[in-house]
Amino acid sequence: MKLTKDEQEDFKALVLPLLDELHRLAYHLCHNQCDADDLAAEAVKKACENFRRLRDRAKIKPWLIRILSNTFISACRARKDYRAIEYVEDTDQEGEHFSLFTQISQPFLLWWGNPERELINKLLDEDIQRAIGSLPVEFRLAVVLCDVEGLSYQEISEILQVPIGTVRSRLARGRSILQKKLWHHAQESGILTRKKDDHENRKKAHQEHQL
Amino acid sequence: MKTEKKHIKSISCEEALKRVFDYIDEHLRGKSRAELEHHLETCRHCFDRVEFEKLLKSRLSKLKVEAQSETLRKRLDALLEQF
């Protein structure tokens, strides 16, 4: 049903200030400008069509995020590369407890500066966004909503319509897989190798100096 | 203050690590939070782990995104005009 003139004005007044945030969320989920544009546009279209169902207008932002998240999940499910979360949970156990910190914080490295901080500083936005973009869909949503958008477990639970325990579990798995991907990237791109060599050279020089 | 700390239960590193993400996400409250903070005061390894996870989370929150494309803005304007 077509919105009245007043409703159209209300919709615009509520949604226009949130467009940048919606687009940013879409971009982090899709990691692709074109797909992000499509996702944001589709979400706004659905929001417009269902605007009369929004009872509490103060909740426009979580409502829009929920529409965008659901639109994203539906689009992913329609694609062949979609991996159901049950499949991921059953088969990708090795990622469950992966910690980038544990991998980096080797005792001899701790003597020299702060390798964890240096690694994070050396990672480019593009590296991190690519790693996020490769996470399984439900894990990606949890990580993006919590770590990128800064939403609380309660807000994410309401947006995704899953219990808080499920949010917590998806976040744990998502973060673990993300850290594993960043670790592999750091190794493949040489960030860690160079750093390790540098530390070893400095350690050797320090020992020689002491002799 | 010292008397209060005596009543805080000591926890192991394993237990502390289970609470790290709830802590950095500001979802750890009351006794559980006090126990973890007490542990972090005495365990350098767990303290460093928490600092690392905070840093990574902060890095994610600052990811930059290309400005909203002109094409999308035009599409949305056209869409809003339809309704």
Side-chain angles (χ1 to χ4, degrees), chain A residues 2-3 7-8 11-12 15-16 19-20 22-28 33-34 36-42 44-45 48-49 51 97 99-102 104-105 110 114 116-117 119-121 123 125-126 128-129 132 143-144 146-154 164 168 171-172 175 178-179 182, chain B residues 11-33 35-37 39-40 42-83:
Chain A
K2 199 168 168 60
L3 297 179
E7 286 172 327
Q8 287 177 34
F11 182 78
K12 285 183 189 176
V15 173
L16 285 177
L19 280 186
D20 282 344
L22 277 184
H23 179 255
R24 189 183 66 205
L25 173 60
Y27 184 80
H28 287 307
Q33 190 69 48
C34 249
D37 287 358
D38 286 347
L39 176 58
E42 184 62 20
V44 171
K45 182 169 175 276
C48 205
E49 289 166 352
F51 187 50
H97 301 297
S99 159
L100 191 50
F101 174 82
T102 306
I104 305 168
S105 62
L110 287 175
N114 188 327
E116 306 91 35
R117 182 176 291 270
L119 171 64
I120 289 178
N121 289 339
L123 287 168
D125 279 7
E126 173 61 22
I128 301 174
Q129 277 162 340
I132 292 174
V143 170
V144 168
C146 182
D147 289 346
V148 182
E149 297 298 322
L151 301 184
S152 69
Y153 293 175
Q154 182 64 40
I164 285 184
R168 202 178 252 115
L171 260 177
R175 283 166 165 164
L178 176 65
Q179 293 197 10
L182 293 175
Chain B
I11 57 171
S12 64
C13 290
E14 191 184 357
E15 184 55 43
L17 291 179
K18 284 181 190 167
R19 303 181 194 183
V20 165
F21 286 109
D22 273 359
Y23 181 67
I24 65 164
D25 292 335
E26 300 290 338
H27 282 275
L28 199 63
R29 306 264 185 269
K31 200 172 70 161
S32 291
R33 186 182 179 92
E35 287 168 358
L36 177 64
E37 287 178 338
H39 179 82
L40 296 180
T42 55
C43 178
R44 173 66 192 263
H45 185 76
C46 290
F47 176 83
D48 285 345
R49 171 71 186 268
V50 167
E51 290 301 301
F52 173 79
E53 300 299 348
K54 276 187 190 170
L55 190 65
L56 185 56
K57 185 179 166 86
S58 162
R59 182 79 172 75
L60 263 58
S61 73
K62 291 172 187 158
L63 287 173
K64 291 186 179 65
V65 172
E66 287 178 45
Q68 198 185 111
S69 71
E70 192 58 32
T71 322
L72 174 63
R73 176 63 72 177
K74 283 179 184 165
R75 278 173 70 180
L76 293 176
D77 285 344
L79 178 72
L80 293 171
E81 285 304 315
Q82 287 175 21
F83 285 92

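Throughout, a chain's letter reflects where its sequence line sits, starting with A, and its residues are numbered from 1. Side chains included, hydrogens not; waters and symmetry mates left out as well; all remaining heavy atoms used.
Closest non-hydrogen pair, B:Arg73 versus A:Leu19, comes out as NH1-CD1, 3.4 Å.
Of the listed residues A:Leu100, A:Ile132, A:Leu171, the one with more heavy-atom pairs under 4.5 angstrom with chain B than any other is A:Leu100. Ranked by heavy-atom pairs under 4.5 Å with chain B, the list A:Val15, A:Leu16, A:Asp38 is led by A:Asp38. Options A:Arg175, A:His28, A:Gln33, A:Arg24 differ in how many heavy-atom pairs under 4.5 Å they form with chain B, and the most are formed by A:Arg175.
Of the two parts of A:Phe11, only the side chain, counted from C-beta on, holds a non-hydrogen atom closer than 4.5 Å to a non-hydrogen atom of chain B. Contacts between B:Leu55 and chain A at a heavy-atom distance below 4.5 Å involve backbone atoms as well as side-chain atoms. Residue B:Glu26 does not touch chain A at all, counting heavy-atom pairs closer than 4.5 Å. Heavy atoms closer than 4.5 Å to chain B are found in both the backbone and the side chain of A:Arg117.
The backbone N or O of A:Ile120 sits less than 3.5 Å from a side-chain atom of B:Arg59, completing a donor-acceptor pair. A donor-acceptor pair under 3.5 Å is absent between the side-chain atoms of A:Gln179 and the main chain of A:Ser99, judged by distance alone.
No hydrogens or angles considered: nothing links the side chains of B:Glu53 and B:Tyr23 as a donor-acceptor pair under 3.5 Å.
Electrostatic pairing of B:Asp22 and A:Arg168 counts as a salt bridge here, judged by a charged N lying under 4.0 Å from a carboxylate O.
Note on ring orientation: taking the six-membered ring where Trp is involved, the planes of B:His27 and A:Tyr153 are parallel (angle under 30°, cut-offs 30° and 60°).
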